[in-house]
Amino acid sequence: MKFGIIGTGKIAAKFIANASLNPEFEAAAILSRSRERGEAFAAGCGIPKVYTAIDEMAADPSIEAVYIASPNSAHYEQSIQMSAAGKHVFCEKAVASNSQELIAMIDTAEKNDKIFLEAMRPAFNPDLARLKAIIADMGQPRNALISACQYSSRYDAFRSGEILNAFDPILSNGAVMDMGSYSIFMLVALFGEPQRIFCTDVKLHNGFDGFGAFIGVYPEMAAEVLYSKINWSKAGSEIMFEDGSITISDIPGVSGIEIHRRGKPSEKLTASGIPEYKEEAAMFIRCCQNPELAKPYHELSLSVMRIIDEVKRQNGITFKGEG
Ligand SMILES: NC(=O)c1ccc[n+]([C@@H]2O[C@H](COP(=O)([O-])OP(=O)(O)OC[C@H]3O[C@@H](n4cnc5c(N)ncnc54)[C@H](OP(=O)(O)O)[C@@H]3O)[C@@H](O)[C@H]2O)c1
């Protein structure tokens, strides 16, 4: 399948390198706002065509699908335009600024008989199903701490006075959108949507939420969800049962999983080791061939976005064009 790539950041290069391990994947064109950056990126990734205007890529009949790795605030318009132009769309997380946008993105793709899918990498990791099976075997969880906290390399620049894209709320960026989308994804993938959430966060001087936390309430358990771009954390995540617990050191990578059963030695879950971005590209292509496969991914993306809407409401976060 011939892909157009939107965005020339590090994640786009990483995605192409891994997705290209699938024989069905071909990076056929790159879109950059600058010809120079586009040509440098194309040379580095072996891409034959460079576009500097989205209309040109949309009008290219040889492009069957696009992978969107631009800032969050651009995802909505770019996805809608590409779906309307008859391309399948695979869009990076956080997939949209709010759930209204996401609903329109999915609907537009469906109206054009195309697939729209969020590139939420833990969703496509085969170890997620293994983790769910272990949870089912351990009984009713009573508490879960889901933590995705990572000191961003771009926070160094912020601390020295330079606000890079990743720390700019104008681009619908924030800790809840970035690390938060991973911890919220894991929450809903494992336990579904909570009945209520109680949120708080820590804002930086430009209104960017650097750290956030909420408690999610379920009928028979509670969950604490943490996300951050301004502090490191070693403790990781833990799902607590009456007769044991599961610890997870890396939520986005669904890895570093250990099972602790009361009175028994702890066991490590050996990771399946499949390159993550390879698997997500392969699944996206399968969804394009069989659209029914996309439905459960849509449900998860919509659940995550509804929770992000509520976190934003409680924490007073509004992005450009909202409210
Ligand atoms: N799945 C993962 O593991 C993962 C990891 C990191 C990031 N992400 C997601 O990937 C997306 C891109 O992240 P990033 O950190 O690469 O973002 P970024 O550096 O802010 O932007 C990515 C690219 O988009 C283009 N761009 C920049 N500003 C733009 C604007 N105002 N309008 C349109 N295009 C613009 C730039 O390419 P040109 O200048 O060449 O046009 C830039 O290289 C985000 O949604 C992020 O959450 C996912």
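Here the structure is a predicted model, which means the values were calculated and not measured. Ligands are counted one by one from 1 in listed order, and the atoms in each one are counted from 1 as well.
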Review point. Which residue pairs pass the side chain to side chain donor-acceptor pair (under 3.5 Å) test with at least one member in residues 15-33, sequence neighbours excluded?
Key: K2-E26
Practice item. Return the orientation label for the F124 and Y297 ring planes: parallel under 30°, perpendicular over 60°, tilted otherwise. Key: parallel
Exercise for review: Quick one: list whatever passes ring pair (Phe, Tyr, Trp, His ring centres under 6.0 Å) with F198, sequence neighbours left out.
Suggested key: none
Study note, to complete from the structure: Sorted by chain and number, sequence neighbours left out, ring pair (Phe, Tyr, Trp, His ring centres under 6.0 Å) with Y67 holds for F15
Study note, to complete from the structure: Lining ligand 1 at under 4.0 Å, by non-hydrogen atom distance, are residues G7, T8, G9, I11, S32, R33, R37, A69, S70, P71, N72, H75, E92, K93, A94, R121, R154, N165, L171, Y182, Y277
Check your understanding: If we ignore angles and hydrogens, is there a donor and acceptor under 3.5 Å between the side chains of S97 and S172?
Key -> yes
Check your understanding: Has K229 got its NZ or CZ under 6.0 Å from the middle of the six-membered ring of F211, at an angle within 45 degrees of the ring axis?
Key -> no
